[in-house]
Amino acid sequence: MNINNEDQAREAIALWRTDPAGAQLKNLRLALESLELSQMYYEQKGNEQGMARAAACQTIITTRIAEIEAE
């Protein structure tokens, strides 16, 4: 699933909540890697808004990863 903004990040998490914890973590980590690449791309282009969106999505994803790992 391609995540481009905070709403899409929350939607992806909602969809993955029914999956086993291991599958959720795998999907979340893949999404995080993709967002990190997006952020690097936006940095190269000087796109401040894109960088901020990617960072906000990363925060949402890492928060969910921490929640799963704490269970």
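Computed from a predicted model, the values in this text were never measured in an experiment.
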Asks: Pair up each side-chain donor or acceptor in residues 34-45 with any protein partner under 3.5 Å, not counting sequence neighbours, and list the distances.
Replies:
from: Ser38; atom 1: OG; to: Ser34; atom 2: O; distance (Å): 3.1
from: Gln39; atom 1: OE1; to: Gln58; atom 2: NE2; distance (Å): 3.3

Asks: Enumerate, atom names and distances included, each donor-acceptor pair closer than 3.5 Å involving a side-chain atom of residues 19-33, sequence neighbours excluded.
Replies:
from: Gln24; atom 1: OE1; to: Arg64; atom 2: NH2; distance (Å): 2.8
from: Gln24; atom 1: NE2; to: Arg17; atom 2: O; distance (Å): 3.3
from: Gln24; atom 1: NE2; to: Asp19; atom 2: O; distance (Å): 2.8
from: Asn27; atom 1: ND2; to: Ala23; atom 2: O; distance (Å): 3.3
from: Arg29; atom 1: NH2; to: Glu69; atom 2: OE2; distance (Å): 2.6

Asks: Sequence neighbours excluded and cut-off under 3.5 Å, please list the side-chain donor-acceptor pairs for residues 4-14, or say none.
Replies:
from: Asn5; atom 1: OD1; to: Asp7; atom 2: N; distance (Å): 3.1
from: Asn5; atom 1: OD1; to: Gln8; atom 2: N; distance (Å): 2.9
from: Gln8; atom 1: OE1; to: Asn4; atom 2: N; distance (Å): 2.5

